[in-house]
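First up is the structure itself, then whatever we jot down about it.
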Amino acid sequence: MTFSFKRSLMAAAVGVSAVTLIAGSGLAQDNSTVVVAQAVDAYTMDPAKHSNFPTANILFQIYDGLIAEGENGELVPALAESWSNPDELTWRFKLREGVTFHNGEPFNAEAVKLSFERALDPEFKAPYFSRISHIKAVEVVDEYTVDFKTEEPFPTMLLSLYEASFPALIVPPAYAKENDGASIAAHPVGTGPYKFVEWLKDERVVLEANPDYWGGKPAIDKVVFRPIAETRTRIAELTSGGADIIVDVPPEDIAALDGGDTKVSTIASDSLYFLAFDTTRDTPLKDKRVRQAINYAVDVDAIQAALLNGMGTRIALTLPTNAFAYDQAWKPYPYDPEKAKQLLAEAGYPEGFEIPFMSRKGRYMKDSEIIEATAGFLARVGIKANIQYLEPGVWAQVSERKGREGITFPGWAGRDPQLVWAPLLITGQYQSYFSNPELDELLKAGASIIDPEERKANYAKAAEIIKEEAPHLPMIQPPLIYAIDAKLNWTPRSDGIIDLRKAHF
Amino acid sequence: MSNQDLQTPPAGDTTQPVLSVRGLTTSFLVDGSWRPVVNNLSFDVMPGETLAIVGESGSGKSVTSLSIMRLLQKGSSRIEGEIRLGGRDLLALPDGEMRHVRGRGMAMVFQEPMTSLNPIFTIGEQLVEALTCHGEMGAEAARKEALRLMDKVRIPNARARFDEYPHQFSGGMRQRVMIAMALAAKPDLLIADEPTTALDVTIQGQILDLIKTLQAEEGMSVLFITHDMGVVAEIADRVVVMYRGEAVESGPTQDIFYDGKHPYTRALLSAVPRLGSMKEQALPKRFPVVDIATGKSTEPATVAGTVVRSSRPVLEVRNLVTRFRTRGGLLRRSEGAVHAVENVSFELFQGETLALVGESGCGKSTTGRSITRLVEPDRGKVMVDGVDMRSLGKRALRQTRRNIQMIFQDPFASLNPRMTVGAAIAEPFLEHRLGTRAEARDKVADLLQRVGLSPDVMGRYPHEFSGGQRQRICIARALTLDPKIIVADESVSALDVSIKAQVCNLLMDLQESLRLSYLFISHDMAVVERISHRVAVMHLGEIVEIGPRAAVFENPQHPYTRKLMAAVPVPDPSRRFISRSAEADELKSPVHPAGYEPPERIYREVGDGHFVQVE
Amino acid sequence: MADFLISRLLYAAAVLLGVSVAVFFLIRIGGDPSALFLPPEAPVEEIERFRRLMGFDRPLAVQYFDFLGRALQGDFGMSLRYDQPAMKLVLERVPATLQLGAMALLMSLVISIPLAILAAAKHGSAIDRASLLASLLGQSFPAFWLAIMLILLFSETFRLLPPSGRGTWQQLIMPAIVLATYSTAIITRLLRSSMIEVLQSDYVRTARGKGVKESRIILSHALRNAAIPTLTVIGLQVGALLGGAVITEEVFAYPGVGRLAIQAIANRDFTVVQAFVVLMAALIVTINLLVDLSYGLLDPRLRKGK
Amino acid sequence: MRDFLKRYSSSSLAMVGLAIVLVAVFAAAFGPWLVPFDPNTQDILQRLKPPLWRGTDGMHLLGTDALGRDIFSRIIVGARVSILVGVSAVVISSIVGVTFGLIAGYEDKYAGRVLMMLTDIQLAIPFMVLALAVAAVVGPSLWNIIAILGLTNWVQYARVVRAECLVLREREFVQAAHMMGISTPHILTRHLLPNVMSSVIVISSLLVAKMIIFESSLSFLGLGVPPATPTWGTMIAEGRNYIGNAWWVATIPGVAIFVTVMGTNLVGDRLRDLLDPRLRQVES
């Protein structure tokens with residue numbers, strides 16, 4: 001054995017725990033270290049250079065945004081202490097004072113300006129460019145005040161700055177320029193609670209507590225992110241003590257993992273499971289009655305009960321229940337196969353029809369099972385859905401040429417109708433396979449109404465049309481299920497970001 | 001014949017036999033049942049004596065030797081009876097002791113020198129191992145002894161060749177190594193299982209003489225296994241004749257040869273070609289055929305005069321050159337060439353048999369293949385019935401080849417095992433669109449009858465036939481296209497003697513009826529003497545002597561021809577004490593560096609149409 | 001010898017060139033990764049812009065020669081996903097995979113060689129039949145299934161071994177077992193049958209005829225000769241091990257090249273796939289070359305330049 | 001033929017293998033008419049039920065999977081796909097490989113060298129990576145999977161057939177065919193091909209086993225045959241996450257693969273011993 005354990009204490013810790021495992025002592029955990037196991041490795045250490053959630057989970061410990069999510073999902077100050085709208089086209093942020101980056105660079109208005117200008121530069125090729133592309137300029141007002149300028153009123157600016165946290169995380173401007181950006185991509189420096197130690201690709205990312213964090217030194221000394229693709233392997237790693245937090249636990253395993261040395265922590269996510277219907281091509285789906293029939297035909301509650309152990313939140317429309325303008329009074333179509341058959345007959349398909357059903361597989365928890373269960377329900381009313389699982393690259397290409405046909409299971413997330421309905425339903429949008437002029441107008445108006453009540457009313461009208469036209473079959477806000485070391489105190493967030501700022505043993 | 005006769009030692013000799021075999025029965029496990037291949041065999045080998053076991057393939061003679069050595073595969077073979085070596089019952093010995101008997105008590109030389117030495121160890125290592133494996137000799141002493149043994153078996157330059165590997169040795173040299181190895185522990189009995197069969201005739205003579213010399217020097221007994229009556233006559237004091245696993249006759253060599261009682265012994269002897277038996281005979285002569293069941297023999301008939309010398313020759317070869325480039329290194333540069341065929345010229349007339357004789361590697365087969373363009377010659381002219389073979393394109397070649405057909409050495413490899421013999425014979429007929437399928441059938445039936453087989457066998461596959469029958473089928477196939485010339489490349493060499501005689505007779509019959517011309521390529525001088533009108537002797541790719549058969553055989557002029565003639569073992573026990581030199585002289589190599597051109601050769605006419613290369 | 005080596009190297013280079021052509025065009029048939037790399041809501045214009053910036057809009061032949069020109073200078077391009085030089089990423093992972101592969105190969109050899117020798121020496125015995133059956137079993141497992149079963153057994157149930165990662169020898173055991181299973185089976189069977197064949201050869205009969213001890217015949221005369229055909233297969237097995245590492249590394253979350261390759265394929269990370277395939281091909285070609293050269297060591301008939 | 005069967009049957013293990021293969025082939029041929037349940041009918045209320053579960057609709061011999069489908073029925077119907085994939089892929093491989101091998105072995109000048117370089121190129125690319133890359137590009141349909149497996153596993157045929165042809169071509173019956181003016185295509189098809197067939201059969205029987213495993217591996221990596229055609233590979237892939245609480249879902253198809261592959265290997269082994277013992281030398 002010529003390889004060594006050196007360099008990282010973590011490796012030694014893993015080694016020690018493995019050795020003690022051999023000795024049969026069960027869980028032996030270093031109380032100052034948290035190991036997080038998620039499916040994939042980080043893409044990069046540059047927050048603006050990726051569009052990938054597991055990467056964001058890591059970088060979120062190193063960087064801060066101007067705005068963060070509070071305990072109940074509300075938006076709270078982070079690097080920005082407060083904000084206002086001097087006019088419809090300006091968002092003004094007052095910044096936190098006395099914050100420095102891990103390398104000593106000061107955090108100030110200039111840093112904010114340069115962080116955004118960096119990500120907005122087309123040559124930079126930021127994958128999440130579209131999330132911040134409404135920002136036309138960032139202007140320094142004084143050392144700790146910045147103005148974000150837009151061309152049109154932009155009511156979802158806060159969500160954009162928070163939720164699109166990837167390119168909106170603030171980087172040290174001088175360091176970010178080093179080596180043409182290569183330095184920051186390999187060795188990140190932020191203002192966050194943890195400092196970067198090392199990144200062994202596909203093996204682990206190691207972080208250590210930042211004692212000078214503006215929010216106070218975190219309780220955990222060391223954080224390790226490990227990429228483990230196989231669900232089974234992740235579970236085994238948790239139960240054998242090699243990990244403290246694992247993501248995407250199947251609901252079936254909850255019973256086994258909730259108790260003893262481990263426990264399960266779940267929360268309804270912001271993401272959405274729904275079926276989308278292609279109404280742009282000449283298929284039975286063009287007929288509203290067929291789309292409604294499908295809504296009646298699928299017993300979503302049964303799917304939720306059986307496949308998700310009843311977890312997650314049933315949605316009435318394609319919008320998270322915690323999103324802006326979601327009305328708890330909305331009701332989904334009930335399960336009524338007779339009604340579905342009747343509608344199909346009215347639409348001229350008493351014997352049903354065949355239709356493609358396109359999706360990716362393994363992209364979302366239980367996606368294939370849900371899709372196949374749905375196809376099972378459709379089969380009962382005579383609709384033969386031919387499931388095609390597309391490999392992610394193929395899916396992307398199909399999407400690019402607007403080639404999604406028949407029924408799809410695209411998955412989406414966003415806490416505002418503007419972030420969900422606008423891209424999915426406005427005529428001609430890249431992701432939209434639906435067209436309704438009346439709805440188009442309502443959704444476009446919603447994009448620039450700043451007054452919340454007025455916006456809500458606007459979207460309520462849109463909701464009526466969506467319910468009636470049934471361009472989707474809204475299903476479930478799936479749960480996020482984590483299994484963790486029983487001694488660890490940590491709460492998950494509905495947006496799926498893992499925040500270890502307040503975690504402790 | 002009772003066993004009693006076989007056991008009786010020469011009268012008046014009261015010494016104990018070295019090896020005594022009683023009621024040996026060896027069986028093999030075949031598909032779950034025991035099938036005996038040697039049946040109730042008994043014989044003795046006396047001190048200093050050479051006993052030959054003779055028989056054709058499948059007679060069980062090799063199994064006998066392996067049974068004595070206990071070298072047969074365990075589990076799938078069973079040995080019963082009694083084998084005593086120096087009084088010890090070998091079949092009762094535990095494996096560990098038997099190991100010491102092998103090598104020390106008796107040693108064995110095998111048929112195949114090419115595969116009997118381990119390719120990955122040096123000659124020296126293998127000799128030393130034979131000396132040290134019984135734990136009586138140290139490494140240094142063994143090395144010295146090994147070198148002495150190499151000298152003893154007349155391996156030239158032993159010290160230098162000690163560290164060479166088997167593949168760097170010729171077949172004859174390897175067999176000398178095998179003999180040296182067998183002598184290592186000074187065994188009482190040497191078992192030689194067809195030790196010369198795979199060797200060229202001149203080398204065979206050397207090895208036989210070596211064994212005789214060493215036997216005299218060491219005083220060992222020899223159990224010699226062979227199928228060649230010529231070899232038997234040369235080496236054996238006594239003979240056991242085996243047929244289908246049983247001993248049919250035994251006795252002193254002289255008695256067997258001059259007074260063989262069993263029909264099989266007589267059949268064996270009558271089929272053996274005797275060099276010199278054709279004295280004063282101008283035309284080819286058929287072999288006598290003995291019926292094994294009755295022992296009756298038919299008198300051989302001379303082949304009628306078939307040669308037509310008046311018109312132009314059917315085959316004319318002028319200055320044929322074929323070389324194989326040896327390539328190596330970067331960009332596969334030519335490094336040298338094997339001068340396989342060098343400036344060969346001859347002609348063949350209708351109805352004539354010209355024999356090309358010589359030892360392996362002399363280029364006789366390549367000459368045959370160059371003429372038929374199975375190998376592309378480099379230079380020279382080949383006229384087949386007036387058509388220049390070398391100028392032909394692919395399509396024309398296919399047509400012209402109808403005139404010249406080949407019969408090959410190995411009857412087992414010559415027929416496609418996946419094709420019925422009918423289909424094989426009909427194939428060229430159909431391929432050349434010479435007629436309908438029905439016509440092809442008739443043709444096949446006719447040809448099968450001509451070669452002495454029933455037309456009913458058409459639907460059978462080659463594996464259902466014996467070697468001799470297959471060779472007949474090959475002949476029938478070659479005749480399908482009505483050729484004028486047949487190149488017979490060692491066509492009878494692989495056959496047992498009795499079969500060999502029949503196939504030769506068939507060839508002569510066909511020549512008589514169809515006026516065929518044969519280019520008869522063979523190393524078997526005795527067969528050549530019977531079958532050919534003219535003979536060409538090849539050595540190192542060149543013809544060294546060519547002329548009428550009688551002239552070349554009775555009045556050989558070139559030294560090489562003389563050496564070749566002298567080396568042929570003759571089935572005449574009275575000649576057995578004529579010894580040749582046991583000294584090794586290895587064949588010269590026909591490999592030359594790139595660009596080498598051989599000197600111009602001049603031929604001298606020593607008689608009517610008898611030419612000899614001037615040295 | 002030098003000539004031989006040079007001509008073999010030239011051939012190897014030609015093979016590598018062929019590999020590069022094959023892999024380049026193959027992974028591009030399915031289109032480029034622009035749409036995959038950008039988030040789902042990125043509009044078409046955005047994707048087009050990105051495509052132009054990356055040069056994916058040029059004709060394939062132009063892109064290939066551009067790639068080839070750079071590759072010959074050691075530049076395999078930047079990974080789209082990691083934004084780092086592709087070859088550097090691959091090379092970083094190579095030691096992990098080599099370590100795993102070496103461990104697996106070692107396991108295979110340690111088990112298969114003695115087993116095969118024993119089986120051949122006792123041809124037809126219970127041991128022989130057991131070895132045949134065992135190697136048959138080893139050939140019949142899907143690797144990933146075996147991997148899952150091992151994790152279930154040794155990590156979850158008995159908690160004896162860590163199920164994933166790299167760094168300690170314990171973490172190497174299960175992936176190496178999974179990887180070694182098939183090659184062990186193959187090598188055992190092959191070596192056994194070669195040994196049986198060699199043990200029936202004329203020169204082994206000669207050695208027995210001399211009275212050489214059976215143990216020496218097996219270990220000295222037979223093994224080296226039987227090793228020659230086996231070596232070819234071991235050479236081929238190295239390729240298979242590297243291929244098998246893809247699945248094994250994925251299940252055991254082992255940070256090797258196989259895992260990188262799977263992800264690169266899924267992400268259409270062209271540069272990484274190209275760098276990986278070309279490097280693996282170079283490795284396989286080199287190993288086969290070494291195998292060829294080592295024939296000379298084992299078999300004097302194949303020694304060149306004498 | 002009778003003689004061959006007799007020799008075959010003298011090995012009891014080989015007979016076990018044959019029995020397994022026959023059962024699998026029978027299931028593949030008549031599966032859809034044998035199964036107690038429609039393999040695709042779901043009942044998510046009766047999901048993940050253990051073997052011998054007596055459900056509302058009858059006995060589930062091997063339990064139900066995550067969507068409440070009958071595992072026994074899916075295993076039986078899955079045999080059809082596994083065997084179809086295995087056999088079809090082998091047919092493709094053998095056609096490509098034998099053609100290459102015949103040509104390369106007979107004409108080893110230019111065409112032969114080019115073909116041999118192609119095999120070296122193919123060998124130098126790790127199979128799994130190649131298969132994954134192609135599957136990712138063309139999409140995982142049943143016939144695509146078959147084509148991928150078929151077109152990436154021909155090398156062994158090409159090598160063996162070439163090696164045999166190099167020997168056969170010097171054999172005297174081929175030389176005799178030349179002498180008799182038999183055309184090259186006829187020499188290849190009538191004289192060489194029938195004589196390499198026993199090797200081809202042996203390789204094929206062993207490769208079928210490998211193909212079944214390859215198919216399941218691709219399924220495991222998410223690039224297998226699409227749903228509605230249950231395959232053992234996808235069944236394992238889908239069931240693997242339930243293995244902690246419903247072991248049968250992934251274990252049973254695993255055992256099915258294991259047993260079938262072993263049966264095929266047993267048959268292939270016996271065929272090799274009987275038809276072509278020399279082939280041991282070329283196994284890879």
Identify, with sequence neighbours excluded, every residue that meets salt bridge (Lys or Arg N to Asp or Glu O under 4.0 Å) alongside D120(D).
->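 Testing D120(D) for salt bridge (Lys or Arg N to Asp or Glu O under 4.0 Å), a comparison that skips the adjacent residues, returns none.
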First locate atom [atom1] of [X], then atom [atom2] of [Y], and finally report the distance between them rounded to the nearest 0.5 Å.
X: L13(D); Y: L136(C); atom1: CG; atom2: CG; value: 8.0 Å
X: M280(C); Y: L130(D); atom1: CE; atom2: CG; value: 14.5 Å
X: L152(C); Y: W247(D); atom1: CG; atom2: CH2; value: 11.5 Å

Distance-minimising heavy-atom pair for [X] and [Y]:
X: I247(C); Y: S217(D); value: CD1-CB, 3.4 Å
X: K210(D); Y: Y182(C); value: CE-OH, 2.8 Å
X: I213(D); Y: P142(C); value: CG2-CA, 4.0 Å
X: M262(D); Y: S140(C); value: CA-OG, 3.4 Å

Quick one: what part of [X] sits under 4.5 Å from any heavy atom of chain C, side chain, backbone, both or neither?
X: L132(D); answer: both
X: L118(D); answer: neither
X: A209(D); answer: neither
X: V155(D); answer: neither
X: T264(D); answer: neither

Which atoms of [X] approach chain D - backbone, side chain, both or neither, heavy atom under 4.5 Å:
X: I287(C); value: neither
X: V15(C); value: both
X: V23(C); value: neither

Identify which one of L17(C), L16(C), V19(C) satisfies the side chain to side chain contact (heavy atoms under 4.5 Å, CB included) criterion when paired with I121(D).
->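 Between I121(D) and the candidates, side chain to side chain contact (heavy atoms under 4.5 Å, CB included) is satisfied uniquely by V19(C).
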